[in-house]
Amino acid sequence: MTFTKTSQKFGQWADSRANTVYGLGFSSEHHLSKFAEKFQEFKEAARLAKEKSQEKMELTSTPSQESAGGDIQSPLTPESINGTDDERTTPEMTPNFEPRAEPTQNALPFTHSSAINKHWEAELATLKGNNAKLTAALLESTANVKQWKQQLAAYQEEAERLHKRVSELECLSNQANAVQSHKTELNQKIQELETTLKKKEEEIERLKEEVEHAKELQDQKDSLSQKLQEVEMHNKDMEGQLSDLEQRLEKSQNEQDAFRNNLKTLLEILDGKIFELTELRDNLAKLLECS
């Protein structure tokens, strides 16, 4: 038989004669290592005992002992270990070593027969001790196998539960991926909207500035309109004054023309009077000369 570690908490117990492999589960890696060490220890002890027994039998082999040369079987023979808890039974450890018939006095001396008997008794005691150890180890292993079978069933249930949980988490992960993708799209849309909002805010600020400028222009326009109205009213006043002045000027010109005409008339009259006075002076001068 061989025992091989397959992982940190699992191992395989292979029985080549029964052509069977058992999977054993342990609660921890320490228990697995301890079991593997004990397994190897008892296997080595059984091998050494078998080799010693074979060597002793070869050395002490005589014609009188041919009937006592029975087969030596390995003490570790779990022939009835099965893969389920219901069918699994505790193996019976049956040492096949029995005291052999003592040789007769006609075949060997009594001292030689006694020494062989003591030797076989010591060998049998050793084998019984090893067999007891192996039996205890096998019983403990069988009990552990049952416990490990229960643990394996619990682990299988736990694995199924974890598998379902993993499936649920995968579904949740897919949903989370979809949500994350949707979130990414929303974030992109939010960024686009924020960019658009910034542009709109900048445009609003620009429009506010334009409105303020338009208000200033409107105020300037109102002020200019008021000034224009004042200038128009002033122009009307000036036009009225100009018209009055034109009328006065025309009246003055008419008066001047009338004055000029009167002056001409007076000058003409004065010229006539001066001419008459001149004639009168000339006449007076002549009169003076004549007198």
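In this chain, numbering begins with 1 at the start of the sequence shown. Worth saying up front: this structure is predicted, and the values here are computed from it rather than measured.
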Out of curiosity, [X] [atom1] to [Y] [atom2], how far, rounded to the nearest 0.5 Å?
X	Y	atom1	atom2	result
N261	L266	CG	CG	11.0 Å
L288	N283	CG	CG	11.0 Å
T135	K133	OG1	NZ	12.0 Å
T195	I190	OG1	CD1	11.5 Å
M238	L245	CE	CG	8.5 Å
R17	N19	CZ	CG	12.5 Å

Test question: given the 4.5 Å side-chain rule for I, L, V, M, F, W and Y, name all other residues clustered with [X], or answer none.
X	result
F10	L152, Y155
L249	none
L172	L169
L263	F259, L267

Please list all pairs meeting salt bridge (Lys or Arg N to Asp or Glu O under 4.0 Å) that have one or both residues in [range], counting only residues at least two apart or in different chains.
range	result
residues 245-269	D244-R248
residues 166-178	R165-E168
residues 171-199	none

Problem set entry | F275 with I269, same ILVMFWY side-chain cluster at under 4.5 Å |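 No.
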
Can you name the residues that form a salt bridge (charged side-chain N to carboxylate O under 4.0 Å, His left out) with [X], not counting sequence neighbours?
X	value
E276	none
R281	none
E279	none

For this session: Would you list the pairs meeting side-chain hydrogen bond (donor to acceptor under 3.5 Å, both in side chains) in which at least one residue belongs to residues 206-225, sequence neighbours left out?
Result: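 Listed once each, the pairs are R206-E210, Q218-D222.
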
For this session: Taking all heavy atoms of L134 and all of A46, pick out the closest pair and write down the distance.
Result: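 Heavy atoms of L134 and A46 come nearest at CD1-CB, 4.0 Å.
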
Problem set entry | Minimum heavy-atom distance A49-L127, with the two atoms named |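 So the minimum-distance heavy-atom pair works out to CB-CD2, 3.6 Å.
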
Exercise. Only one of E239, Q247, Q241 forms a side chain to side chain contact (heavy atoms under 4.5 Å, CB included) with S243, so which one is it?
Worked result: Q247

Problem set entry | Any side-chain heavy-atom pair of L48 and E51 under 4.5 Å |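 SC-SC contact between L48 and E51 confirmed.
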
Problem set entry | K43 side chain reached by M1 side chain, heavy atoms, under 4.5 Å | no

For this session: Check the pair F3, Q40 against side-chain contact (heavy atoms from CB on, under 4.5 Å), reporting the backbone distance first and the verdict last.
Result: CA-CA 8 Å; F3 182 78; Q40 190 65 27; over 6 Å; no

Let me check something: any side-chain donor-acceptor pairs from residues 25-38 under 3.5 Å, sequence neighbours excluded? List them with distances.
{"residue": "S27", "atom": "OG", "partner": "H31", "partner atom": "ND1", "Å": "2.7"}
{"residue": "S28", "atom": "OG", "partner": "H31", "partner atom": "N", "Å": "3.4"}
{"residue": "S33", "atom": "OG", "partner": "K5", "partner atom": "NZ", "Å": "3.3"}
{"residue": "S33", "atom": "OG", "partner": "E29", "partner atom": "O", "Å": "3.1"}

Problem set entry | K286 and E289 ion-paired at < 4.0 Å |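 So K286 does not pair with E289 through a salt bridge.
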
Exercise. Can any side-chain N or O of T184 pair as donor or acceptor with the backbone N or O of Q180 at less than 3.5 Å?
Worked result: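 It does hold such a pair.
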
